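Reviewing the structure listed below.
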Amino acid sequence: MTNLKIIQGGTVVTAEGEMRADVLIEGEKIVAVGTDLASDGAEVIDATGAYVMPGGIDPHTHMELPFMGTVASEDFFSGTSAAAAGGTTMILDFVIPAPQQRLMEAYKQWREWAAKSAADYSFHVAVTWWDQSVHDDMGTLTTEHGVNSFKHFMAYKNAIMCDDEVLVNSFSRARDLGALATVHAENGELVYRLQQEIFDKGITGPEGHPLSRPPEVEGEAANRAIRIAEVLGAPLYLVHTSCIDALEAVTRARLEGQRVFAEVLAQHLVIDDSHYRNPSWEHAAHYVMSPPFRSKEHQDALWRGLQGGMLQTTATDHCCFCTPQKAAGKDDFRKIPNGTGGVEDRMSVLWHHGVRTGRLTPSEFVAVTSTNTAKIFNIHPRKGSLKPGADADIVIWDPEQTRTISKETSHQNVDFNIYEGMEVTGGAATTLSRGTVVWTNGELRTVKGAGKHIERPCFPDYWAGQSKRNTLAEPTPVDRG
Ligand code: URP
Ligand code: ZN
Ligand code: ZN
């Protein structure tokens, strides 16, 4: 065997459980997990006192996204490098075609941008409009390019928002293809109206942002998307669930047996809405993202949703805009580019606030930071597992590593950090991306272009067709003679 590495002395943690074991890697793959492994000639990586876990998968990032008149400051290389420093070895980013733009054209553009990634990546493709070409391109993307999820923005009116007609067309098409429909759930019409009303009352600063996007606006859209998906028998995934209202819609649907999944952002679990009232305009603007940060009662509910399995995945929605970019909305909160970062910090924040508080076991931590995403987006066990044959995307996790999060020490390409000053215990000592050490002892060793595009096959027929409506008898016409 050639190009062997063995990770020795650690505790292997997967979504199934924990055990004292070594991990043998050949080239890019895990070849064995166990004790007394034959490893002559292997490079030894010491993991004594550490946990050995699947590298994190962030199911929701926006590297170098053109958005709200500017472009997100983090590119695919800097972003995947920062991710590796935090123990994340794969991102799922978004292709977002402009209305009327062919999906395939946008997809090719994003693939070019992403070629500089240092770690593996894959794409959800947004449906922002509808015609026959969109229908056709969805087919091409699933059959020829390994895309199995399509995103729908129910907010951002006059830009990328989908109305119900687009949702219905696209959810049906996704269902027929065995793909997963995903939504950003906020009622864009209501947001638009509330923004206008709040601005007209003279509220022009970032405090206007959460006022224009209250939880009800998210709850309405979440419920609407869920019910549309239910009627159509289409599986659905809600991104960045931020409030009780949306969580309740998800919970009800899941308890009714509907195939609905939901994601929560690490920042929505630990950061509240008080930042919008900070006396510093810049500080408040740094927290402008959608859905906005919420009050503590919503955070508590989100934690319970994660613990109870109603929320299955954790993400960052990493979409960085530097302070001068945020300043585009200096006189009008509606023009502040929406987005916050955190791809580097997600794992530490979740370990500290999740595992160290007893809310999550280490195994549950693995489930919500990688395995569940890999399963939902159909790349398990290649990703999100440590089974022989899996890609050697591994994080060696030091549960005692303590740091104070700061933009000064961050690898993210943004001039502030929304977690600034937060002390966290637990962090990535070493990260391997397909068998190559890309982060160790505080040193980043990522290589531009080393990341691969990961294709995600569509789901089998049984994936769809679980709605109540589909389980009823076939409708029959009334015989009126
Ligand atoms: O504020 C956000 N979340 N910006 C990125 C685009 C999106 O809505 O996910
Ligand atoms: Zn969104
Ligand atoms: Zn997003």
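What you see is a predicted model; the values in this text were computed from it and never measured. Atoms within each ligand, like the ligands themselves, are counted from 1 in listed order.
Shortest distance from the Zn ion (ligand 3) to D317 is reached at OD1 (N/O/S atoms only).
The side-chain hydrogen bond (donor to acceptor under 3.5 Å, both in side chains) test with E218 singles out one residue from H240, R213, H298, R294, and that residue is R294.
S290 N, 2.8 Å is the protein heavy atom nearest to atom 1 (O) of ligand 1. Counting protein heavy atoms only, atom 3 (N) of ligand 1 is closest to D317 OD2, 2.6 Å. For atom 7 (C) of ligand 1, the nearest protein heavy atom (residue, atom name, distance) is Y156 OH, 3.5 Å.
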Item to check | Trace of the side chain to side chain donor-acceptor pair (under 3.5 Å) decision for S406 with Y419 | outcome: CA-CA 7 Å; S406 172; Y419 298 113; over 6 Å; no
Next on the checklist: Determine whether D345 and N417 satisfy the following criterion, side chain to side chain donor-acceptor pair (under 3.5 Å), listing intermediate values before the conclusion.
Outcome noted: CA-CA 10 Å; D345 303 314; N417 191 311; 3.1 Å; yes
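Close approach to H240 involves these atoms of ligand 1, each under 4.0 Å from a residue heavy atom: 8 (O), 9 (O). Distances below 4.0 Å separate heavy atoms of H184 from the following atoms of ligand 1: 7 (C), 8 (O). Those atoms of ligand 1 with a heavy atom of M289 less than 4.0 angstrom away are 1 (O), 3 (N).
Where the criterion is an N or O separation shorter than 3.5 Å, residue side chain and backbone included, K151 fails it with respect to ligand 1.
Using a cut-off of 2.8 Å, one finds that H240 contributes an N/O/S atom close to the Zn ion (ligand 2). The Zn ion (ligand 3) has no N, O or S atom of H184 under 2.8 Å away, backbone or side chain.
For the residue pair H60 and E263, a side-chain donor N or O sits within less than 3.5 Å of a side-chain acceptor on the partner. No hydrogens or angles considered: a donor-acceptor pair under 3.5 Å links the side chains of H453 and R111. With hydrogens and angles left out, the side-chain atoms of R346 and T316 include no donor and acceptor closer than 3.5 Å.
Ring pair H268/F293: centre-to-centre distance below 6.0 Å.
Ring pair F123/F76 is perpendicular by interplanar angle, where above 60° counts as perpendicular and below 30° as parallel.
At a heavy-atom distance under 4.0 Å, atoms from both the backbone and the side chain of N338 approach ligand 1.
F94 does not count as a contact of ligand 1, since none of its heavy atoms falls under 4.0 Å from the ligand.
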